[in-house]
Novice: 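Before we start, here is the structure in question, set down as structure tokens.
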Amino acid sequence: MIELYHIWKQYQKPDWALADISLTIRNGEFCFITGPSGSGKTTLLKIIFREILPTEGQIIIDGLNVLKIPDHLIYRLRRQMGIVFQDFRLLYERRVFDNVAISLRVLGLSTKEIRRRVFNALRQVNLHQKMWDYPYQLSYGEQQRVAIARAIVNEPRIILADEPTGNLDPDLAFEIISLFKEINKRGATVIICTHDREIIRHFGEKVFFLHKGKLIGKEVFPSSKK
Amino acid sequence: MAVIVFLDKNLTPQEKGALEEKIKQSPLVARIDYVTQEQAMTRFIQKFPDLQPLLQDLGTNPFPPSLEITIQPRYSRSHLVTSFLDSLKREKGVQDIQFNLDWVERIESFDRLVRAIGLFLGSLLLLASLFIISNVIRLSVVNRQEEISILRLVGATNNFIRLPFVLEGIILGILGSLIAIGFLWLIISLFPLYVGHSLGAFKEIFQLRSLTSSQVIILIFSGGIIGFVGSFSSLARFLKI
Ligand SMILES: Nc1ncnc2c1ncn2[C@@H]1O[C@H](COP(=O)(O)OP(=O)(O)O)[C@@H](O)[C@H]1O
Ligand SMILES: [Mg+2]
């Protein structure tokens, strides 16, 4: 369970990127955070995986106070998460394979196991033919799928995806969200930031609406498609 | 260096033997040669043949017998020599001692100065190498900053991230000390070839000794430590958040 209590975030005075956000996401939920650009979606996600610290507030994940975790133990939290960054954050001088494998290398898995799982993840995002290409040889949409493969390859319990369909054409976007939905069905909690109304209309089960850093609404749709 | 101990003419052979034995005990002594009155006179005549008639007129042999002591080269600059000479003076049958104490003391203070300069330069170089290594590592850390942040975000432990950099630092440090040892060896083997002859009598004073094996090991080890510390410190900043 992910619990946020009265989260405030200020990058620079006097603007608040987030203002008094409180929300709860239970294990196994499939939810969206939406809102116009600049409303604080990315900031909220970064606070959840603790890339940045909130100015005020508390975050509890599975009973653990995230802000109290010392820097050298933060890896325990991150190993449970798969993160798709809005800006991909790929290593452009490394091949697609190595970009995805990095999530597994840090776990110390065998080369054979890494190969198997990386291939599997790349196949799920339909990019296994480009395994030995470099990211700069790929289109934005393909790079985005490399980022997605890296996030799902270690079968995390929590997936955090920041605009994962921002560069994909509608068909592929639906395919990718379906993939997340499938992973969610296998038990993972999935949190997706998007401003794509079509996707929310189609997949939305639980949606948080952000506007200028404030949580202005929460909608829970009947989980007919679950 | 050599010390000449002039002996009493009336010393019995036993007394002389005892004295010689006593001197030999000292670890400072490398060699000891007995020069009889006759040998001393012969040497003198060889050196100054013009004065031979003068000696013949004298009728007796004015040269006292002596012991010529060679001090171990490795102690020739030691303060032990001074106390050794003092104790020699007090021995029975010793008339006089010839040596250049002035030199001994001057060399000693020179030695202290050289040591102090060496220590100063040594610590300066140590700091410099620490600085250089940590900067080299910092450069490669900054180059791979993106990768480090990704590694942290996908759940790498700090040690996993540190390992390659720390290894790089240690290898740099060890390589550095190996190169230093190599240069030192080169200098030691070339120095005498170039200036050895012009040094003449000073050769003994300006001896260059190669490092002992334990010094070599310490040097390599501290090179590794410097590399380790240098890389560790330049990484710390990047292992937050
Ligand atoms: N690193 C930063 N420094 C300063 N301001 C920032 C930074 N990141 C985001 N912001 C500001 O915080 C607000 C929220 O940004 P963001 O979380 O990226 O919104 P979204 O992802 O919804 O587009 C915006 O006004 C943005 O300009
Ligand atoms: Mg954003």
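Letters go in sequence order (proteins before strands), and every chain restarts at 1.
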Novice: Taking everything shown except A:Lys214 itself, do over 12 heavy atoms lie less than 6.0 Å from its NZ?
Specialist: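 12 or below, so no.
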Novice: Heavy atom to heavy atom, less than 4.5 Å: which residues from residues 116-129 of chain A reach chain B?
Specialist: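 Residues qualifying by a heavy atom under 4.5 Å from chain B are absent, so none.
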Novice: Do A:Lys9's NZ or CZ and the ring of A:Tyr11 fall within the cation-pi criteria of under 6.0 Å and 45°?
Specialist: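 Ring-cation test returns yes.
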Novice: Please enumerate all residues that pass salt bridge (Lys or Arg N to Asp or Glu O under 4.0 Å) together with B:Arg144, with sequence neighbours excluded.
Specialist: B:Glu147
Novice: If you compare all heavy atoms of A:Ile21 against all heavy atoms of A:Gly213, which two are closest, and at what distance to 0.1 Å?
Specialist: CD1-O, 3.4 Å
Novice: Using a cut-off of under 4.5 Å for heavy-atom pairs, which of A:Gln80, A:Arg76, A:Arg94 has the most such pairs with chain B?
Specialist: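 Top count of heavy-atom pairs under 4.5 Å with chain B: A:Arg94.
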Novice: If you count heavy-atom pairs within less than 4.5 Å of chain B, which of A:Leu91, A:Ile83, A:Leu90 leads?
Specialist: A:Leu91
Novice: Any idea which of A:Met81, A:Arg79, A:Arg105, A:Glu93 has the most non-hydrogen atom pairs under 4.5 angstrom with chain B?
Specialist: A:Arg79
Novice: Using the six-membered ring wherever Trp is involved, compare the ring planes of A:Phe49 and A:Phe85 and label them parallel, tilted or perpendicular (cut-offs 30° and 60°).
Specialist: perpendicular
Novice: Check this for me: A:Tyr92, atom OH, are more than 12 non-hydrogen atoms of other residues, nucleotides or ligands nearer than 6.0 Å?
Specialist: yes
Novice: Considering heavy atoms only, which positions within residues 132-157 of chain A lie below 4.5 Å of chain B?
Specialist: A:Arg150
Novice: Does atom CZ (B:Arg237) have a neighbourhood of more than 12 heavy atoms from anything else shown, all under 6.0 Å?
Specialist: no
Novice: With a 4.0 Å cut-off, would you call A:Lys212 and A:Asp15 a salt bridge?
Specialist: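 Between A:Asp15 and A:Lys212 there is no salt bridge, as every charged N stays at least 4.0 Å from the carboxylate O atoms.
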Novice: For B:Ile97, is there any backbone N or O sitting under 3.5 Å from a side-chain donor or acceptor partner on B:Lys89?
Specialist: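 Such a contact is absent between B:Lys89 side chain and B:Ile97 backbone.
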Novice: Sort out for me which of B:Leu153, B:Asn159, B:Ile161, B:Thr157 touches chain A most, counting heavy-atom pairs under 4.5 Å.
Specialist: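 That would be B:Leu153.
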Novice: Do B:Leu239 and A:Asp71 come close enough that some side-chain heavy atom pair is under 4.5 Å?
Specialist: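 Side chain of B:Leu239 against side chain of A:Asp71, heavy atoms only: no contact under 4.5 Å found.
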Novice: Which atoms of A:Ile102 are under 4.5 Å from chain B, going by heavy atoms: the side chain, the backbone, both sets, or neither?
Specialist: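 Looking at A:Ile102, backbone and side chain both touch chain B.
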Novice: Does B:Asn135 use its side chain to pair, donor to acceptor, with the backbone of B:Phe131 at less than 3.5 Å?
Specialist: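 Side chain of B:Asn135 to backbone of B:Phe131, a donor-acceptor pair under 3.5 Å: yes, one is there.
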Novice: By salt bridge (Lys or Arg N to Asp or Glu O under 4.0 Å), which residues pair with A:Glu56, not counting sequence neighbours?
Specialist: none
